[in-house]
Novice: 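Would you mind keeping the following structure in view while I ask a few things?
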Amino acid sequence: MSNPLFDALLAPHQGKESSFLILPDGSEVTHSAFLGLANQMAHALRAADVGVGDRVAVHVEKTAPALALYAACITAGAVFLPLNTAYTPAELSYFITDADAALVVCDPSELAALTPIAETCKAAILTLDASGQGSLARAAAQHPTEFTPVPRGQNDLAALLYTSGTTGRSKGAMLTHENLLSNARALAEEWRFTSDDVLLHALPIFHSHGLFVACNVSLLAGNAMIFLPKFDQEAILQLLPRATTMMGVPTFYTRLLEDARFTRDLVAHMRLFVSGSAPLLAETHLAFEGRTGHRILERYGMTETNMNTSNPYTGDRRAGTVGFPLKGVEVRVCDPETHVELPTGEIGMLHVRGPNVFCGYWNMPEKTREELLEDGFFITGDLAKIDADGYVSIVGRGKDLIISGGFNIYPKEIEMFLDAQSGVKESAVIGAPHPDFGESVVAVLVPEAEGSIDLDAILALAKAELAGFKRPRHFAIVDALPRNTMGKVQKAEMRKTYADVFQA
Ligand code: MLC
Ligand code: AMP
């Protein structure tokens, strides 16, 4: 038996001495050295009693060893569970215990806070810091650079990625070898990745965009990546001349456009710019083309499905659309209530089916049944239309979700936090247009009849408990929330009321 992801993404790097990771300090990691490091880490996982199918929860900065840890999980047959570096211990506690992790890998500075959480599920705990050092790195260094990959099947789990739930509880999307590999193949082919490419990688590697879209495609194609720890405008402007391709969320492109040094000459040699994770405004697409002569290629995906659609590599990349279904992927637009397919051009709920679609939510069979239909189609929660030429456009969301700089924020989670604060009778959280993040969080609070609201105290507690990107950036205190006759909060109306709060 083989190990599909190892065979396609990792085995080909054996003995390849060209650069795989180009790091900001000027150092480079070859393909073969990366594979050797991943193999050493696979031994370290085994030594830490991580068995086949066990979850490895990873809360570390983006480094070459952090990516090697992902590769090690594939090789050792473990399930990689990456966690947003912005999460607080209070947030991490849920993911680690819900996934019943066998190993937690964290920054040394978090060891004290996370050890008791790891103990609740009898997980081992190892460290990896922002320079790639720590107890995991030390343990790995003791082991040989060869490891016999653990056999795995197409339907075996490779990763567990949590996506927040509209009801507040995060859901772990179970992704198989086939889900990840089929998508990497479809994307590498559609976007013409070859070993000659150099991808400028400034995305985080704890979400599907930076990890699966960017890294899996690169591992499959065998190209190099300029591997930046995070989005850094100066470094990007300096390193673009060495790259052939770049992937980003829309904020990357709006920030670059604001910089006069981002010129047509600087990127004349580039082959491809890809955008996704949030809507790219048509005006950004057009401004980018006006400045650089490049048409950004916009694609659409989500954690549960990997990538679903892409504008064409050759052919018309249409602003405001997310292009066509990828090879092997089917999409349909349906009535949100009856699931009956709607005629071409009508707006409805987008459903997706294909080898890219996850196999269910971890320990949540009912949620899985609600969203993954018997005929194999997954209900994305996105409202879309498909035009007569087959281009898909995402026109809105059926789910109550804010996307800020490419990070998802579920209002329900913030509302639950706010409702629990003293002096707050109730709250409603919405997204409002934001010039940098696309959308940002507005919290509308109703005080208790007798009480008063201490915003400073709420913000201080939010800082301790909620990841920074989730924190409201605008607060309003009102006597009552707008409701319809059924008593439902009118969020559409609120979005109009607060539409301008972040506009300069
Ligand atoms: C950081 N901050 C944010 C934020 N990112 N606030 C709102 N929205 C965001 N996205 C806040 C921090 O909490 C901090 O606040 C302050 O900004 C500075 O932090 P920073 O880390 O220096 O921020 P910055 O470098 O400016 O980060 C912005 C960003 C980053 C856009 C570069 O958020 C980013 O890399 N986003 C990419 C997200 C992504 O990869 N999404 C893919 C999901 S997968 P304070 O108050 O502490 O100062 C998916 C599927 C698909 O959706 O289709 O791809
Ligand atoms: P996540 O749950 O983090 O995987 O986020 C997935 C969501 O991001 C999708 O359901 C969409 O709402 C949104 N999304 C991703 N790509 C695009 C895009 N190109 N245009 C509009 N929305 C997008």
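Atoms within each ligand, like the ligands themselves, are counted from 1 in listed order.
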Novice: Considering only heavy atoms, does F437 approach ligand 1 within less than 4.0 Å through its side chain, its backbone, both, or neither?
Specialist: side chain
Novice: Just by distance, no angles: are the side chains of D197 and T244 close enough, under 3.5 Å, to form a donor-acceptor pair?
Specialist: yes
Novice: Please report whether atom 41 (N) of ligand 1 has a protein non-hydrogen atom at a separation of less than 4.0 Å.
Specialist: yes
Novice: State, to 0.1 Å, how close V322 and T309 come at their nearest heavy-atom pair, and which atoms those are.
Specialist: O-OG1, 2.8 Å
Novice: Where is the tightest heavy-atom contact between A184 and N216, given as atom of each residue plus distance?
Specialist: CB-CB, 3.9 Å
Novice: Go through the side-chain N and O atoms of Y361 and E371 and say whether any donor and acceptor fall under 3.5 Å apart.
Specialist: yes
Novice: Would you say K470 contacts ligand 1, with heavy atoms under 4.0 Å as the rule?
Specialist: no
Novice: Could you tell me whether the side chain of F288 reaches within less than 4.5 Å of the side chain of E283, counting heavy atoms only?
Specialist: no
Novice: Check for me whether K470 meets the cation-pi criterion with F407, that is, NZ or CZ under 6.0 Å from the six-membered ring centre and within 45 degrees of the ring axis.
Specialist: no
Novice: Among all protein heavy atoms in this structure, tell me which lies nearest to atom 35 (O) of ligand 1, with the distance rounded to 0.1 Å.
Specialist: P204 CD, 3.7 Å
Novice: Quick check on contacts: which atoms of ligand 1 are under 4.0 angstrom from a heavy atom of S208?
Specialist: 44 (S), 50 (C)
Novice: Could you check whether R271 makes a cation-pi contact with F193, meaning its NZ or CZ is under 6.0 Å from the centre of the six-membered ring and within 45° of the ring axis?
Specialist: yes
Novice: Would you tell me whether E110 and H59 have side-chain atoms, one donor and one acceptor, within less than 3.5 Å of each other?
Specialist: yes
Novice: If you scan the protein for heavy atoms around atom 19 (O) of ligand 1, do you find one that is closer than 4.0 Å?
Specialist: no
Novice: Is atom 50 (C) of ligand 1 touching the protein, meaning some protein heavy atom lies under 4.0 Å away?
Specialist: yes
Novice: Does either side chain, that of D419 or that of S427, offer a donor lying less than 3.5 Å from an acceptor on the other one?
Specialist: yes
Novice: Would a search of protein heavy atoms around atom 14 (C) of ligand 1 find one under 4.0 Å away?
Specialist: no
Novice: Have S218 and N223 got a donor and an acceptor in their side chains that come within less than 3.5 Å?
Specialist: yes
Novice: So do L83 and F95 actually touch side chain to side chain, heavy atoms under 4.5 Å?
Specialist: yes
Novice: Would you mind finding which of R255, K230, M307 brings a heavy atom closest to atom 28 (C) of ligand 1?
Specialist: R255
Novice: Which part of F252 is near ligand 1, with near meaning a heavy atom under 4.0 Å away: side chain, backbone, both or neither?
Specialist: side chain
Novice: Can R317 be said to sit on top of Y313's aromatic six-ring, NZ or CZ under 6.0 Å from centre and within 45° of the ring axis?
Specialist: yes
Novice: What is the closest protein heavy atom to atom 46 (O) of ligand 1, and at what distance does it sit?
Specialist: R471 NH2, 3.1 Å
Novice: Please identify which atoms of ligand 1 are closer than 4.0 Å to at least one heavy atom of L203.
Specialist: 40 (O)
Novice: For E304, which part has a heavy atom under 4.0 Å from ligand 1: side chain, backbone, both, or neither?
Specialist: neither
Novice: What closest approach, in Å, do A99 and Y162 show between heavy atoms, and which atom pair accounts for it?
Specialist: N-OH, 3.4 Å
Novice: Does the side chain of N363 pick up a donor-acceptor pair with the side chain of D98 at under 3.5 Å?
Specialist: no
Novice: What is the closest protein heavy atom to atom 53 (O) of ligand 1, and at what distance does it sit?
Specialist: R299 NH1, 2.7 Å
Novice: Would you kindly say whether Y391 and N311 are connected by a side-chain donor-acceptor distance under 3.5 Å?
Specialist: no
Novice: Which protein non-hydrogen atom lies closest to atom 7 (C) of ligand 1, naming both residue and atom, and how far is it?
Specialist: S404 OG, 3.1 Å
Novice: Taking the side chain as every heavy atom from C-beta outward, state whether Q233 and L256 have any atom pair closer than 4.5 Å.
Specialist: yes
Novice: Side-chain contact, heavy-atom cut-off 4.5 Å: E304 with T163?
Specialist: yes
Novice: Side-chain contact, heavy-atom cut-off 4.5 Å: K230 with P204?
Specialist: no
Novice: Is G210 in contact with ligand 1, taking contact as a heavy-atom separation below 4.0 Å?
Specialist: no
Novice: Please could you name the atoms of ligand 1 that H207 approaches to less than 4.0 Å, counting only its heavy atoms?
Specialist: 42 (C), 43 (C), 44 (S)
Novice: Note every protein N or O atom lying under 3.5 Å from an N or O atom of ligand 2, pairing the names and giving the distance.
Specialist:
unit_1   : atom_1 : unit_2 : atom_2 : d
ligand 2 : 2 (O)  : N408   : ND2    : 2.7
ligand 2 : 3 (O)  : N408   : ND2    : 2.9
ligand 2 : 4 (O)  : T303   : N      : 2.6
ligand 2 : 4 (O)  : T303   : OG1    : 2.6
ligand 2 : 5 (O)  : N408   : ND2    : 3.0
ligand 2 : 8 (O)  : S277   : O      : 3.4
ligand 2 : 10 (O) : D382   : OD1    : 3.4
ligand 2 : 10 (O) : D382   : OD2    : 2.6
ligand 2 : 10 (O) : K399   : NZ     : 2.6
ligand 2 : 12 (O) : D382   : OD1    : 2.6
ligand 2 : 12 (O) : D382   : OD2    : 3.4
ligand 2 : 16 (N) : S277   : N      : 3.1
ligand 2 : 19 (N) : E298   : OE2    : 2.9
ligand 2 : 19 (N) : R299   : O      : 2.7
ligand 2 : 20 (N) : E298   : OE2    : 3.4

Novice: Would you kindly specify which portion of R473 sits under 4.0 Å from ligand 1, judged on non-hydrogen atoms: side chain, backbone, both or neither?
Specialist: side chain
Novice: Under 4.0 Å between a Lys/Arg side-chain N and an Asp/Glu carboxylate O for R332 and E341?
Specialist: no
Novice: Which heavy atom of the protein is the closest neighbour of atom 32 (C) of ligand 1, given with residue, atom name and distance?
Specialist: F231 CB, 3.5 Å
Novice: How close does the nearest protein non-hydrogen atom get to atom 54 (O) of ligand 1, and which residue and atom is it?
Specialist: S277 OG, 2.6 Å
Novice: Please list, in number order, the atoms of ligand 1 under 4.0 Å from a heavy atom of F469.
Specialist: 3 (C), 4 (C), 6 (N), 7 (C), 8 (N), 9 (C), 13 (O)
Novice: Can you report which non-hydrogen protein atom sits closest to atom 34 (C) of ligand 1, along with the distance?
Specialist: G405 O, 4.1 Å
Novice: For atom 1 (C) of ligand 1, is the nearest protein heavy atom under 4.0 Å away?
Specialist: no
Novice: Quick one: which ligand 1 atoms are inside 4.0 Å of a heavy atom on G468?
Specialist: 13 (O)
Novice: At the 4.0 Å heavy-atom cut-off, does A86 count as touching ligand 1?
Specialist: no
Novice: Any idea which protein heavy atom is nearest atom 30 (C) of ligand 1, and the distance to it?
Specialist: F407 CE1, 4.3 Å
